[in-house]
Amino acid sequence: MTQAPAPESAGFDLILSHGTVVTPGGRANTDVGVRGGRIVAIGDLGTAKTANRVDCAGLHILPGVIDTQVHFREPGLTHKEDIEHGTMAAACGGVTAIFEMPNVKPLTITPETLADKMQLAARAPWVDYAFYFGGTANNAAHLAEWENLPGVCGIKIFMGSSTGDLLCAEDEHIENILRHGKRIVAAHAEDEAMMNANKATLLGDSHDVRLHPVWRSVESCVSATTRLIRLARKTGRRVHILHISTAEELDIIKDHKDIVSCEVLPNHLTFSAPDCYERLGTRAQQNPPIREQRHQDALWAAVNNGLIDILGSDHAAHTIDEKDQTYPASPSGTPGVQTLVPVMLNHIHEGRLSLERFVELVSYGPQRIHQIANKGRIALGYDADFTIVDLNATHTITNAQQKSKCGWTPYDGMRVTGWPVMTVVRGHIVMRDDELVGSPVGTPVRFRETL
Ligand code: DOR
């Protein structure tokens, strides 16, 4: 790729030089110039004036990774996590922006609870942020207005119960939510009634975590996804299905890509049953569950044939004491925002996906599905968000590295090749060589539909 040299007279706040830059047009060995938090030059900046020149020789410069599904537990559940620690973990993991979920206490389902969260977030955000607004039977009629509040990235519905009290299980109520508003509606698609029936008949009094994918069955996911797509068609509203865990759902979604987008998680691409439950016990427990290898194989096929739009971590922190309770009293969810990039770079190293496809899943995909303004690509005029990685560095992931308040990871002890070495948020370096740098600079993400 050839590019014109940038004007030498202009001073830059930051120049990233000699890296391999992943641009929409392909990889380019070039420099990137930043001024005022934006990308203002891509080209040879060898002699340009700058306050800060960072030599990126041997490194790959990716668009900032946007993790579109995290649970940072604030307010109300801050013994597990808070926005400061969650965003510290994000920065250390090479993530430049996060979208956070509404299943906190109180639930993020009114303008007041959203405003409260925005204030809490503004205290010490290490990366940029936005919040999902929870959709319920009671607030549906207001959503066309409330979905446009500053800081909102979309509407979230839980069709099946998970952590917290947010639940919208009935078709009538889901339809009402879909009829009010235009922005993306993201769904946790598990069928509440089917899971309740399964719990009584299949789980009974058992304490065996290997039954997690039996109770929270394939059929339950298929039912919820099928119902949601029918309602999306009926109302003409596009929907985003979070954390797909079954081969069967992929087979359905492929016929509805005009109206349905979907997400996959690193955990579902890395772990499989029964091995994960035998090795990790309840630390592998999450909703929807990690399932047998045939599902993982189908998810990888969907990653590589383009069916999947987004990869998010579903960072869902619980303390070790909570996780170590006897199943099923143990809560579902694992931390993941700090391990998303290294785990996926290791998959790239092992040949399961390309670097370009990874960038699509964590930057271009989030930008496209959520209509993010000015983020998600290395191009002139975009925010200067970068995830700078060393594809050849080998490290071991450990609990001790984790910045999350919960202090553990299901990947503890895993050796990976590929590591984030610098995180840049709108021109500010916030992580370098595993250390937080500077101060929390995060601001709310902006969206095209609400500019
Ligand atoms: O395993 C999960 N944990 N799945 C969810 O959908 C929610 C999450 C949490 O908040 O703990």
Side-chain angles (χ1 to χ4, degrees), residues 67-93 95 98-127 129-136 139 151-158 160-168 186 188 190 216 242-243 265 267 282-288 312-340 399 402-410 440 442:
D67 187 347
T68 48
Q69 189 182 180
V70 302
H71 302 261
F72 283 172
R73 312 300 195 199
E74 197 169 352
L77 300 163
T78 51
H79 66 286
K80 298 173 191 275
E81 187 67 287
D82 60 25
I83 297 169
E84 179 174 7
H85 286 83
T87 55
M88 282 162 61
C92 284
V95 169
I98 55 93
F99 293 177
E100 208 269 343
M101 285 297 175
N103 57 331
V104 285
K105 269 188 180 166
L107 300 170
T108 315
I109 53 173
T110 62
E112 293 74 26
T113 48
L114 175 76
D116 182 42
K117 226 186 207 187
M118 291 287 276
Q119 275 196 347
L120 292 169
R123 289 176 313 180
W126 282 87
V127 301
Y129 51 91
F131 297 113
Y132 269 102
F133 204 94
T136 71
N139 73 3
V152 172
C153 59
I155 304 298
K156 167 77 182 277
I157 56 172
F158 278 90
S161 309
S162 195
T163 301
D165 300 328
L166 197 55
L167 182 64
C168 188
H188 180 120
E190 291 185 282
R216 305 190 75 114
L242 297 163
H243 39 45
L265 311 184
N267 285 5
T282 52
R283 293 188 194 185
Q285 178 193 336
Q286 66 179 95
N287 303 329
S313 73
D314 195 8
H315 177 95
H318 298 284
T319 67
I320 281 289
D321 284 350
E322 289 168 335
K323 287 297 277 184
D324 285 352
Q325 291 171 86
T326 307
Y327 183 81
S330 44
S332 294
T334 78
V337 70
Q338 192 172 337
T339 48
L340 180 154
N399 287 343
Q402 304 307 307
K403 300 285 184 206
S404 164
K405 238 179 159 174
C406 75
W408 67 280
T409 163

Practice task
State, yes or no, whether a side-chain contact exists between His315 and Thr339 at a heavy-atom distance under 4.5 Å.
Solution key: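 His315 does not reach Thr339 side chain to side chain.
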Handout entry: Donor on one side chain, acceptor on other, Gln285 and Ser332, under 3.5 Å
Key = yes
Exercise for the section: Could you tell me whether the side chain of Glu100 reaches within less than 4.5 Å of the side chain of Tyr129, counting heavy atoms only? Expected result: no
Problem - Verdict with supporting geometry, Arg73 and His318, side chain to side chain donor-acceptor pair (under 3.5 Å) - result: CA-CA 9 Å; Arg73 312 300 195 199; His318 298 284; 3.2 Å; yes
Completion exercise
Sequence neighbours excluded, the answer for side-chain contact (heavy atoms from CB on, under 4.5 Å) partners of Thr113 is Pro106, Thr108, Thr110
Handout entry: Sole candidate of Arg123, His85, Lys117 that passes side chain to side chain contact (heavy atoms under 4.5 Å, CB included) when paired with Glu74
Key = Arg123
Problem - Straight-line distance of Asp321 CG to Thr319 OG1, nearest 0.5 Å - result: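 Going from the CG atom of Asp321 to the OG1 atom of Thr319 covers 5.0 Å.
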Exercise for the section: Flag the pair Phe131 / Ile83 as yes when at least one side-chain heavy-atom distance between them is below 4.5 Å, and no otherwise. Expected result: yes
Problem - Pairwise side-chain contact, His243 with His188, heavy-atom cut-off 4.5 Å (strictly under) - result: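 Yes, at least one pair of side-chain atoms sits under 4.5 Å.
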Practice task
For side chain to side chain donor-acceptor pair (under 3.5 Å), just list the numbers for Asn287 and Ser162, CA-CA rounded to whole Å, side-chain angles, deciding distance to a tenth of an Å, and then say yes or no.
Solution key: CA-CA 7 Å; Asn287 303 329; Ser162 195; 2.9 Å; yes
Fill in the blank from the handout: Sorted by chain and number, sequence neighbours left out, salt bridge (Lys or Arg N to Asp or Glu O under 4.0 Å) with Lys403 holds for none
Problem - Side-chain ion pair, Arg283 and Asp324, N-O less than 4.0 Å - result: yes
Problem - Check against side chain to side chain donor-acceptor pair (under 3.5 Å), Thr409 and Gln402 - result: CA-CA 7 Å; Thr409 163; Gln402 304 307 307; 4.9 Å; no
Handout entry: No-hydrogen, no-angle side-chain donor-acceptor test under 3.5 Å, Glu81 and Ser404
Key =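 Yes, a side-chain donor-acceptor pair sits under 3.5 Å.
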Practice task
Kindly indicate whether the side chain of Lys80, heavy atoms from C-beta on, has any atom under 4.5 Å from the side chain of Glu322.
Solution key: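 Sidechains of Glu322 and Lys80: in contact.
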Handout entry: Which residues share a side-chain hydrogen bond (donor to acceptor under 3.5 Å, both in side chains) with Gln325, sequence neighbours left out
Key = none
Handout entry: Steps toward side chain to side chain contact (heavy atoms under 4.5 Å, CB included) verdict (Asn267, Thr334)
Key = CA-CA 9 Å; Asn267 285 5; Thr334 78; 2.9 Å; yes
